[in-house]
Asks: 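This is the structure I have questions about; it appears just below.
Letters A, B, ... are given to chains in the order of the sequence lines, protein chains preceding strands, and every chain is numbered from 1.
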Amino acid sequence: MTESSLDHPDRLWAAAEPKRSYDVVIVGGGGHGLATAYYLAKNHGITNVAVLERGWLAGGNMARNTTIIRSNYLWDESAGIYEHALKLWEGLEDDLGYPLLFSQRGVLNLAHSLQDVRDGVRRVHANRLNGVDAEWLGPEQVKEVCPIVDVSPDVRYPVLGATYQPRAGIAKHDYVAWGFARAAAAYGVDLIENCEVTGLDVRDGRVTGVRTTRGPIAAGRVALCAAGHSSVVAAMAGVALPLQSHPLQALVSELLEPVHPTVVMSNAVHVYVSQAHKGELVMGAGIDAPNSYRQRGAFHVIERQMSAALELFPIFARAHVLRTWGGVVDVTPDASPIVGLTGVDGLYVNCGWGTGGFKATPGVGWCYAHTIAHGEPHPLSAPFSLDRFTTGALVDEHGAAAVAH
Amino acid sequence: MLLIPCPWCGPRDEIEFHYGGQAHVAYPDDPAALSDEEWARYLFFRDNPKGPFAERWSHSAGCRRWFNVVRDTATNEIHAVYRIGEPRPVIA
């Protein structure tokens, strides 16, 4: 094959055949699995690694999220890992040598009630104490940042103000996955698609390998990155996780002129909106209430989401829904992730990111790789241990996790 | 949208109902006697199967009664609907 005039390679990575054994097997080839593989190789020199994906790379939630990146969470523990991620995002295109369309266009989290205002102001102060950029804006300032938001007082849920994080933004989710995949493969990591894990081998309390639809693979360490299917995979090793899997829906409009310069999220009316580089409005909903592993949800959830969007953005009245879809998200009781040890030697878990895992991709890859390499948690992910549900040291982010939990 | 057969009112759209999560989770007989691990299990851990799942629903826009459903979370197919207090039906 001759290369095109753009010098675009035929393949960004080589499809690998599974070998009989690896030092580390990562279960799940989404953004988190690929980032973990990349940082295992780059930061720790561990390259005898396989990423196993039951479908195609980054075809699950990595292909289905609304690409919002921010770090304005309430608690110190969350600010630590999300801000670490945001700092990595700020250098990631150079680090991976790959364009990610990372755009720091800011995020507004709207307040519609006095309690929203109190919570928002508290969160701005907490963010600043943690070195996270944050401002409190009144309705007129919200209008300056995003002129199409209706801030008039006579709507059902008037905008009373907003938190604003200028360094937040969006990125092109597929490019992020491809960038990590290409860079990991360049270090010698095997990326293996159509390879579903059907069992975990545990002997004398230590994981020894995985069974897959493409045969057994021995492993020194196994790192789960299975998102919505984490409960199913962890159960293969007898590990119970405090997760519930729900569909989370999103949608896009047709391509429109640039009208929306930032990202707007509203807990109270249940919608979050940005405009992609191509021009489509990208909107997310709350989760569908019933547990399900179906990557689709009920239409009434979309209807509610659209009514909320129209209330905030009357200009959207003439736009059309082009496409809706769903992904399966794993939600924890405190709306914070679980990253770390499992009680089975050599078996690690990264799950529970619920509706907000995309923004953490480089940060969690960094911390999870450290955890796998050293056999103990990275300081930034240590608070997100599985045993916090026993000790009671929860990291309650239901406010900052925004709409969907 | 799910079509849920309320055992009192018959089949109605999902939008009339409120979800209650896993069914048959009993309050501990003697909470004070539980270890931290056992209490965590009761408080935070629920089954999350990919397959048949016994769950609670309330017909909140209808008769307002709670009842139980066995639904397959992989397909959304409803296998059984039964009233509170009745045992979980055996699904073939």
Asks: Identify which part of Pro290(A) has an atom lying under 4.5 Å from any heavy atom of chain B, answering side chain, backbone, both or neither.
Replies: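 Contact with chain B involves both backbone and side-chain atoms of Pro290(A).
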
Asks: For the side chain of Ser245(A) and the backbone of Gly228(A), is there at least one donor-acceptor N/O pair under 3.5 Å apart?
Replies: yes

Asks: Return the CG to OG distance between Asn291(A) and Ser231(A), rounded to the nearest 0.5 Å.
Replies: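 The OG atom of Ser231(A) is 9.0 Å from CG of Asn291(A), to the nearest 0.5 Å.
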
Asks: For Arg388(A), which atoms come within 4.5 Å of any heavy atom of chain B: side chain, backbone, both, or neither?
Replies: neither

Asks: Let's go through Cys367(A) and Val339(A) carefully: what are the C-alpha distance in whole Å and the side-chain angles of both, what is the deciding distance for side-chain contact (heavy atoms from CB on, under 4.5 Å) to 0.1 Å, and is it a yes or a no?
Replies: CA-CA 9 Å; Cys367(A) 295; Val339(A) 185; 5.5 Å; no

Asks: Are Tyr272(A) and Ser266(A) close enough that some pair of their side-chain heavy atoms sits under 4.5 Å apart?
Replies: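 Not in contact.
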
Asks: For the atom pair CZ (Phe358(A)) and CZ (Arg64(A)), what is the distance rounded to the nearest 0.5 Å?
Replies: 15.0 Å

Asks: Report the residues that fulfil side-chain contact (heavy atoms from CB on, under 4.5 Å) with Leu310(A), sequence neighbours left out, ordered by chain and then residue number.
Replies: Phe316(A), Ala317(A)

Asks: Most heavy-atom pairs under 4.5 angstrom with chain B, which of Gly392(A), Pro333(A), Gly297(A)?
Replies: Pro333(A)

Asks: Quick one: OG on Ser230(A) to CH2 on Trp353(A), what's the gap to the nearest 0.5 Å?
Replies: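 Rounded to the nearest 0.5 Å, the OG-CH2 separation comes out at 12.0 Å.
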
Asks: Have His246(A) and Asp288(A) got a donor and an acceptor in their side chains that come within less than 3.5 Å?
Replies: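 No, no side-chain donor-acceptor contact under 3.5 Å.
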
Asks: Name the region of Leu394(A), side chain, backbone, both or neither, that has any atom closer than 4.5 Å to a heavy atom of chain B.
Replies: side chain

Asks: Hey, which residues of residues 63-78 of chain B are touching chain A, say heavy atoms under 4.5 Å apart?
Replies: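 Listed by number, the contacting residues are Arg71(B), Thr73(B), Ala74(B), Thr75(B), Asn76(B).
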
Asks: So which residues of residues 46-57 of chain B are in contact with chain A at a heavy-atom cut-off of under 4.5 Å?
Replies: Arg46(B), Asp47(B), Asn48(B), Pro49(B), Lys50(B), Phe53(B), Trp57(B)

Asks: Between Val232(A), Leu241(A), Val328(A), which residue shows the highest count of heavy-atom pairs closer than 4.5 Å to chain B?
Replies: Leu241(A)

Asks: So that I know where these two stand, are Tyr293(A) and His229(A) an aromatic pair - ring centroids less than 6.0 Å apart?
Replies: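 Close enough - the centres of the two rings lie under 6.0 Å apart.
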
Asks: Mark yes when over 12 heavy atoms from residues, nucleotides or ligands other than Arg294(A) sit less than 6.0 Å from its CZ; otherwise mark no.
Replies: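 Correct, the count exceeds 12.
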
Asks: Any chance OH of Tyr42(B) has more than 12 other-residue heavy atoms, nucleotides or ligands included, within less than 6.0 Å?
Replies: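 More than 12 heavy atoms, drawn from other residues, nucleotides or ligands, come within 6.0 Å of this atom.
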
Asks: Quick check on the structure: residues of residues 16-38 of chain B within a heavy-atom distance below 4.5 Å of chain A, by number.
Replies: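 Answer by number: Tyr19(B), Asp36(B), Glu37(B).
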
Asks: Pairing donors with acceptors under 3.5 angstrom, does anything connect the side chains of Ser336(A) and Asp334(A)?
Replies: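 No, no side-chain donor-acceptor contact under 3.5 Å.
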
Asks: Please round to the nearest 0.5 Å and tell me the distance separating atom CD1 of Ile26(A) and atom CG of Leu224(A).
Replies: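 With rounding to 0.5 Å, CD1 (Ile26(A)) is 10.5 Å from CG (Leu224(A)).
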
Asks: State the NE2-CG distance between His300(A) and Asp13(B), to the nearest 0.5 angstrom.
Replies: 8.5 Å

Asks: Under 3.5 Å, is there a donor on one side chain and an acceptor on the other for Gln244(A) and Asp330(A)?
Replies: no

